[in-house]
Amino acid sequence: MDNEIKILVEKIRAAKTIALFAHKNPDGDALCSVLALSRLIYLNFGINPVCVYDGNIPDCLDNVPDRHYIKYFEKIDSAVPFDLAIVLDYGTKRNIGGTLTILDAAHDTVEIDHHKHESDNVAKLCLNNDSAAATGEIIFDIMHNQKWKYDKAVLDLLAVSILTDTGFFRYSRHGHVLRIMADLVDLGVNIDKLATGLNNKPCSTVQTEAAIVSNAEFVCDGQVAVAVVSKQDYKNLDGRGDIILNLLGQIAGVEYIVLLKEQKDNQIGISLRGKTKPVNHIAAAFGGGGHLFAAGAVVTDDNLENVRSKVIELIKGQL
């Protein structure tokens, strides 16, 4: 990726205006990768990128550095195209949301992602590595490769990016990301302090998560846990429901975890986890994607039972 990094540097240096964004409803990796790269660009090139998002940002991320700097995309004046638009951690084109208009209008485009891509790249320059545990890992490697200046905020943002997307290393599949975290700790990152800062949910969110877990059903001889989030409960749900997925995944005998969310009229979100068996191909069957053991999709359908049946049928095919 050395050549691509050199081209990235040239594009940043040539740009006067830069926009950074990630997938809709950004999680820890998406948000913190955007904010970390923005700060690195400012520290090393003297350019202040515009950071934007679509959807909702979980309350648990309120305490990350520079959180106030990212703005809802509709509040940005997009009448004049940006010189450079960089999309990070986007997964698939349909996951980008409203910020796609900024990408389409930009004079030049870059993508930085750790999700597996077949032929749906959206930018002219691609710095993608699907073996990376988080997009924050790729940003760290770029920073290290170029010997960029950084500060404590950058280090903390990269740490949160990695910690959240690896589930505090439960999902890490190689040692490189662990060595990065060791470097971050040696440079002053306090993991315990960052973890405490992530414990920032409203009472209603925790109560909603607990209720959804308690009402989950278990099918296929208990190998599949299925939880449903109603439209009303979705308003109280913090992010994508990772806590629900993690709690159900702790149950002995459960191999697959399915979370179905009535996000809005005629739209159902699907989140999938597999303990030892892949689920990304199941998400792909619904037009989504993700990691091998953690994936998801959004479908246009107002019949929750219809979506549920299709998901379970696909899972049955590999039990």
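The SG atom of Cys220 lies 5.0 Å from the NZ atom of Lys316; values are rounded to the nearest 0.5 Å. To the nearest 0.5 Å, the span separating CD1 on Ile244 from CG on Asp233 amounts to 8.5 Å. In this structure, CD1 in Ile47 is found 10.5 Å from OG in Ser38, a value given to the nearest 0.5 Å. For the atom pair CZ of Phe82 and NZ of Lys16, the computed distance is 15.0 Å after rounding to the nearest 0.5 Å. The distance from the OG atom of Ser172 to the CG atom of Asp165 is 11.5 Å, given to the nearest 0.5 Å. Atom OG1 of Thr196 is separated from atom CD1 of Ile191 by 11.5 Å, given to the nearest 0.5 angstrom.
A salt bridge does not link Glu111 to Lys124: none of the charged side-chain nitrogens sits closer than 4.0 Å to a carboxylate oxygen. One finds no salt bridge joining Asp104 and Lys93 here, because no Lys/Arg side-chain nitrogen approaches an Asp/Glu carboxylate oxygen to under 4.0 Å. Using a 4.0 Å cut-off between charged side-chain N and carboxylate O, Asp156 and Lys152 make a salt bridge. Ionic pairing of Arg308 and Glu305 is present here: one or more N-O contacts between side-chain nitrogen and carboxylate oxygen are shorter than 4.0 angstrom. With salt bridges taken as basic N to acidic carboxylate O contacts below 4.0 Å, one links Lys11 and Asp108.
Here the side chains of Arg273 and Leu259 are not in contact, with every heavy-atom distance at 4.5 Å or above. Counting heavy atoms from C-beta on, the side chains of Asn128 and Met1 never come closer than 4.5 Å. Side-chain contact between Asp89 and His115 is present, with at least one heavy-atom pair separated by less than 4.5 Å. Inter-residue side-chain proximity for Lys24 and Ile96 is flagged as unmet; no heavy-atom pair is nearer than 4.5 Å. Trp148 has its side chain within reach of Ile142: a pair of non-hydrogen atoms, C-beta onward, lies under 4.5 Å apart. Lys6 has its side chain out of reach of Val9: every pair of non-hydrogen atoms, C-beta onward, lies at least 4.5 Å apart. In this structure, the side chains of Leu178 and Phe169 come closer than 4.5 Å at one or more pairs of heavy atoms. Contact check for Ile139 versus Leu88: side-chain heavy atoms found under the 4.5 Å cut-off.
Hydrophobic clustering of Ile, Leu, Val, Met, Phe, Trp and Tyr side chains at less than 4.5 Å, counting indirect connections, unites Leu304 with Leu272. In the hydrophobic clustering of this structure, Ile5 groups with Ile138; members are Ile, Leu, Val, Met, Phe, Trp, Tyr whose side-chain heavy atoms approach within less than 4.5 Å, directly or through other members. Residues Val219 and Ile315 share a hydrophobic cluster, clusters being chains of Ile/Leu/Val/Met/Phe/Trp/Tyr side chains in contact below 4.5 Å. One hydrophobic cluster, built from ILVMFWY side chains closer than 4.5 Å, cannot hold both Tyr256 and Ile243; they sit in different ones. Met143 and Leu127 fall within the same hydrophobic cluster, where Ile, Leu, Val, Met, Phe, Trp and Tyr residues are linked whenever their side-chain heavy atoms come under 4.5 Å apart, directly or through other members.
Closest non-hydrogen pair, Ala283 versus Ala297, comes out as O-CB, 3.8 Å. Considering all non-hydrogen atoms of both residues, Leu125 and Glu4 come closest at CD2-O, 3.7 Å. Nearest heavy-atom pair, Cys32 versus Leu157, reported as atom, atom and distance to 0.1 Å: CB-O, 3.2 Å. In this structure, Leu31 and Pro26 approach most closely via the heavy-atom pair N-CB, 4.0 Å. The minimum heavy-atom distance linking Leu84 with Ala15 is given by the pair CB-CB, 3.9 Å. The heavy-atom pair separating Asp113 from Gly91 by the smallest distance is OD2-N, 3.0 Å.
Checked by atom type, the side-chain pair His176/Asp141 shows a donor-acceptor distance below 3.5 Å. For the 3.5 Å distance criterion, the side chains of Thr276 and Glu255 qualify, holding a donor opposite an acceptor. Of the N and O atoms on the side chains of Thr164 and Asp29, not one donor lies less than 3.5 Å from an acceptor on the other residue. Residues Thr92 and Asn95 have side chains that bring a donor and an acceptor to within less than 3.5 angstrom of each other. No side-chain donor-acceptor contact under 3.5 Å links Asn266 and Asp301. Looking at His291 and Asp130, their side chains never bring a donor and an acceptor atom within 3.5 Å of each other.
Heavy atoms of other residues, nucleotides or ligands lying less than 6.0 angstrom from NE2 of His144 number 12 at most. Applying the 6.0 Å contact sphere to NZ of Lys275 captures more than 12 heavy atoms from other residues, nucleotides or ligands. The number of heavy-atom neighbours closer than 6.0 Å to OH of Tyr42, taken from other residues, nucleotides and ligands shown, is 12 or below. Heavy atoms of other residues, nucleotides or ligands lying less than 6.0 angstrom from OH of Tyr150 number 12 at most. In the displayed structure, Asp221 atom CG is contacted under 6.0 Å by at most 12 heavy atoms of other residues, nucleotides or ligands.
Here the side chain of Glu262 pairs a donor or acceptor atom with the backbone of Lys231 at under 3.5 angstrom. Remark: side-chain polar atoms of Arg67 are not paired, donor with acceptor, to backbone N or O of Leu35 under 3.5 angstrom. Side chain of Asp54 to backbone of Gly98: a donor-acceptor contact under 3.5 angstrom is found. Proximity of a side-chain donor or acceptor of Asp83 to a complementary backbone N or O of Thr17 within less than 3.5 Å is detected. Although no hydrogens or angles enter the test, the distance criterion places no donor-acceptor pair under 3.5 Å between the side chain of Lys261 and the main chain of Val229. Of the possible donor and acceptor atoms, none in the side chain of Arg39 sits under 3.5 Å from a partner among the backbone N and O of Ala36. With hydrogens and angles disregarded, no donor-acceptor distance shorter than 3.5 Å links the side chain of Asn121 to the backbone of Ala123. Remark: the backbone N or O of Ala30 is paired with a side-chain donor or acceptor of Asp27 at under 3.5 angstrom. Panel note: side chain Asn280, backbone Ala295; no donor-acceptor pair is recorded below 3.5 Å. In this structure, Asp59 contributes its side chain and Asp62 its backbone to no donor-acceptor pair below 3.5 Å.
Taking the ring centroids of Tyr53 and Phe21, they lie at or beyond the 6.0 Å cut-off.
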Quiz item: Step by step, would you call Leu248 with Val254 a side-chain contact (heavy atoms from CB on, under 4.5 Å)?
Solution: CA-CA 8 Å; Leu248 291 173; Val254 169; 5.6 Å; no

Quiz prompt | Test side-chain contact (heavy atoms from CB on, under 4.5 Å) applied to Val258 and Ile312, step by step | solution = CA-CA 9 Å; Val258 179; Ile312 292 176; 5.7 Å; no

Quiz item: After noting the C-alpha distance and the side-chain angles of His114 and Glu137, does the key distance pass the side-chain contact (heavy atoms from CB on, under 4.5 Å) rule?
Solution: CA-CA 9 Å; His114 73 123; Glu137 177 184 332; over 6 Å; no

Exercise. Begin with the C-alpha distance, continue with both residues' side-chain angles, and end with the deciding distance and a verdict on side-chain contact (heavy atoms from CB on, under 4.5 Å) for Val311 and Phe286.
Key: CA-CA 9 Å; Val311 173; Phe286 291 92; 3.7 Å; yes

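Partner of Phe73 under the side chain to side chain contact (heavy atoms under 4.5 Å, CB included) criterion, chosen from Thr99, Val50, Leu100: Thr99.
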